[in-house]
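Notes to accompany the following structure.
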Amino acid sequence: MKSLKIIISFIALGVFLTACKKDFLERPLLDEVTDADYFKNPEELKTYVNQYYNATFFPRYTNHGSDFGSDNQVRLNIDQRLEGTRTVATSGSIGFGNVRSINYFFDNYKKVEQGHTLDKYQQYLGEAYFFRAVNYFNLLESYGDIQWINTELKTTSPELYKPRDSRSLVADQIILALDSAAMYLTADKTTGAGRVNKWMALLMQSRVALFEGTWEKYHSGGPFAVANPQPAKYFNKAVEAAEKIMASNLYDIYSTGNPATDYKDLFALQDYTNNKEVMFWKKYDNGLTRGHAAFVNDRNFRMEYPAGNTITKQLADSYLCTDGKPIANNPLFKGYTTLKVEGENRDRRFFQTIASPDDVWKIAAGTPNQLWKAVYDKLNTANDYNAPTGYLVLKGYNPNMIYHVQQFEQTPSIIYRYAEVLLNYAEAKAELGTLTQADVDKTIKKFRDRVGMPNLNLASITPDPAWDFPTLSPMINEIRRERRVELALEGFRFSDIMRWAAADELIVGKRPKGLLASQVATNKYPVDENGFLDPFKNIASKGYGFVLGRDYLNSIPQSEIVLNPALTQNPGWPAN
């Protein structure tokens, strides 16, 4: 009975971590967990870290993809960050509740050493290091410089009032935590749907190191610059972490040998237990999670309609032609007269990400198969059919699933996949200037082979007058293009734009465009001078107003600065 009460306390703790906002460290009611006998056996460590397997650490794909707030995807309303209309937060918290909770684990777990050898509990110790790193990386992305705290603070702790640590110090500590996680976590591949393993920790390490390396390189000299930047140090770490995963030979790119459907099918499977590419995924079971809002899978809910969520022309134009060359000045590109014409002779990922009117469409189980044309014929006639750009999302759609009842939606969510490892490796090597054709052959070529596209040849890259980054090398441009296309709608694009300091090139003064309006029978959205859908033309005539000297980071809530005067505000935000 005593153990049950303690476990209930931990469940309550998970709620308090997100609900209590009294001060900078969001002090949850950890004082309820005071039993001297707790943390004395491995099962109790396991119970404690179970609380972190939730959406706080593993964000789910939201409706129709996760690239909103970037130049890849559009909602009905402009994202405030892109619009540049945010104001400094006056109240609220940074989100240190999870930090304090994880630190409580580290302050107490050694009780288990009495009577249990390390091999009995090292998995859960590794998980704690992993979650500490993931949580701090979320804070680093949001706020930049942040306090690094590795012990559970009391109300009298002087560290409560310490100033912010440098982002490079925090990044280094995150990477060290992931080193520890990789050391303790199991090296088994596992099913990918249970607990994290060594290879997932190394994937996160490659992600963190690549993020920090590019941030320090491309923000150099600006308001978000890091003192004494060392981007090469982080690029090398990203390469090292990725290489370890690649050398394990546990993972590979999913392919059945069918370039016409393999990429699309990967995101519509119902089980990834034996999938070579999916490293970690979240399984949903109506019998366990139905009706509980905190656990409902929202990735594909209502995917039978566009419901205002559509892909941009900017992303659509990124797909190469089947000769491996860009659409500009390419005779293989047939123009924009219809969506079918636009997708002819293109990288097959085009029509495995963007819905074609010829694709099978079904609203609910038991209804006859129809074509997506049934949706296109009704675009912009009602709320469910709102499609600001006209490019509908196919990636992740499975016509055999029921998408119209949220609490019954059981599509699994892919959290980590091996493709990111290869892309991180290729980009870090390119940033170091050490990327070779052999490196491309074991990374980019795998994606191209899956969809029957020619490999990237570093010796003969065709210039693209529409490159996103004309001042950077052709190699960097093409590596970034491959990342954009391969990871489209998976939630990476905004983070990439932020770390590349690329909002001036991709966001400011830009508006998302759509397909030729003449293809839409009923259109309520504005059209640009060339006849393309221009949904924000009237409400953002000058394009997005993202503030370059401010919006790369969130503001520190003023209430936190009042509580701790040693805190400073992020660049561009009012100090008080």
Side-chain angles (χ1 to χ4, degrees), residues 45 49 52-54 56-59 95-96 98-99 101-103 105-106 109 118 121-144 146-151 165-190 192 194-216 226 230-248 250-251 279-280 415-425 427-428 492 495 499:
L45 268 63
V49 297
Y52 303 121
Y53 284 90
N54 58 41
T56 301
F57 294 94
F58 300 123
F96 264 77
N98 283 324
V99 171
S101 172
I102 293 170
N103 288 343
F105 174 96
F106 283 105
Y109 83 88
L118 178 63
Y121 64 87
Q122 68 180 51
Q123 171 68 21
Y124 313 120
L125 178 58
E127 290 177 26
Y129 276 112
F130 176 85
F131 290 124
R132 168 183 275 177
V134 171
N135 186 68
Y136 253 108
F137 182 52
N138 292 339
L139 294 174
L140 185 73
E141 280 196 277
S142 295
Y143 301 104
I146 208 70
Q147 295 165 301
W148 177 264
I149 300 171
N150 59 8
T151 188
D165 290 306
S166 70
R167 63 171 300 127
S168 55
L169 182 150
V170 175
D172 288 345
Q173 292 298 321
I174 293 170
I175 289 170
L176 286 172
L178 290 166
D179 277 334
S180 296
M183 177 173 64
Y184 291 122
L185 291 169
T186 178
D188 293 340
K189 181 178 182 294
T190 72
R195 313 194 77 85
V196 295
N197 64 23
K198 170 181 181 176
W199 314 109
M200 300 168 202
L202 290 171
L203 180 151
M204 275 304 304
Q205 191 175 71
S206 74
R207 182 187 295 184
V208 172
L210 181 62
F211 184 95
E212 186 60 22
T214 46
W215 184 283
E216 293 196 4
V226 176
Q230 301 180 67
K233 178 182 80 171
Y234 295 106
F235 294 142
N236 280 312
K237 190 64 176 179
V239 169
E240 174 191 320
E243 280 182 327
K244 289 177 182 177
I245 305 170
M246 294 160 69
S248 75
L250 292 174
Y251 302 99
M279 298 175 67
F280 194 59
I415 308 298
Y416 300 133
R417 66 182 180 106
Y418 185 59
E420 185 194 349
V421 175
L422 301 183
L423 289 164
N424 291 350
Y425 176 85
E427 184 179 346
F492 290 91
S495 178
R499 65 186 176 88

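The distance from atom NZ of Lys244 to atom CD of Gln205, rounded to the nearest 0.5 Å, is 6.5 Å. Ile174 CD1 to Asn138 CG: the interatomic distance, rounded to the nearest 0.5 Å, is 9.0 Å. How far CD of Gln147 is from CG of Leu139: 10.5 Å, rounded to the nearest 0.5 Å. With rounding to the nearest 0.5 angstrom, the OG atom of Ser206 is 10.0 Å from the CD1 atom of Ile175. Between atom CG of residue Leu202 and atom CD of residue Glu243 there is a gap of 11.5 Å, rounded to the nearest 0.5 Å.
Of the possible donor and acceptor atoms, one in the side chain of Asn236 sits under 3.5 Å from a partner among the backbone N and O of Ala232. Remark: the backbone N or O of Thr190 is not paired with any side-chain donor or acceptor of Asn197 at under 3.5 angstrom. In terms of modelled atom types and a separation under 3.5 Å, the side chain of Asn135 and the main chain of Asn98 share no donor-acceptor contact.
Using a 4.5 Å heavy-atom cutoff, the side chains of Phe235 and Thr214 are in contact. In this structure, Tyr251 and Lys189 have side chains that are in contact, with non-hydrogen atoms separated by less than 4.5 Å. Ile146 has its side chain within reach of Tyr136: a pair of non-hydrogen atoms, C-beta onward, lies under 4.5 Å apart. Counting only heavy atoms from C-beta outward, the side chains of Phe211 and Val208 never approach each other to under 4.5 Å. By the 4.5 Å heavy-atom criterion applied to side chains, Val421 and Asn424 are not counted as neighbours. Contact check for Phe105 versus Phe131: no side-chain heavy atoms found under the 4.5 Å cut-off. With a 4.5 Å cut-off on side-chain heavy atoms, Arg195 and Leu185 do not count as touching. Two residues are said to be in side-chain contact when any heavy atoms from C-beta on lie closer than 4.5 Å; Tyr109 and Tyr121 meet this criterion.
Listed here is the closest heavy atom pair of Gln123 and Thr186: OE1-N, 2.9 Å. The minimum heavy-atom distance between Met279 and Leu203, with the atom names listed, is SD-CD1, 3.5 Å. Heavy-atom minimum distance, Met204 versus Leu178: C-CD1, 3.8 Å. Considering every non-hydrogen atom in both Tyr425 and Ala242, the closest pair reads CB-CB, 3.8 Å. Nearest heavy atoms, Gly192 versus Phe280: O-CD1, 3.0 Å. Here the closest non-hydrogen pair linking Ile245 and Trp199 is CD1-O, 3.5 Å.
Remark: Gln173 pairs with no residue by the side-chain hydrogen bond (donor to acceptor under 3.5 Å, both in side chains) rule, at least two apart or across chains. Looking at residues two or more places apart in sequence or on another chain, you find a side-chain hydrogen bond (donor to acceptor under 3.5 Å, both in side chains) between Arg167 and Glu212.
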Assess whether side chain to side chain donor-acceptor pair (under 3.5 Å) is satisfied between Tyr52 and Ser101, documenting all intermediate values.
CA-CA 10 Å; Tyr52 303 121; Ser101 172; 2.4 Å; yes
Check the pair Tyr129, Phe106 against side-chain contact (heavy atoms from CB on, under 4.5 Å), reporting the backbone distance first and the verdict last.
CA-CA 9 Å; Tyr129 276 112; Phe106 283 105; 3.5 Å; yes
In sequence, state the C-alpha distance, the side-chain angles, and the governing distance for Glu127 and Leu45, and then conclude on side-chain contact (heavy atoms from CB on, under 4.5 Å).
CA-CA 10 Å; Glu127 290 177 26; Leu45 268 63; over 6 Å; no
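For the residue pair Glu141 and Ser495, a side-chain donor N or O sits within less than 3.5 Å of a side-chain acceptor on the partner.
A salt bridge between Asp172 and Lys237 is absent, with no side-chain N of the basic residue lying under 4.0 Å from a carboxylate O of the acidic one.
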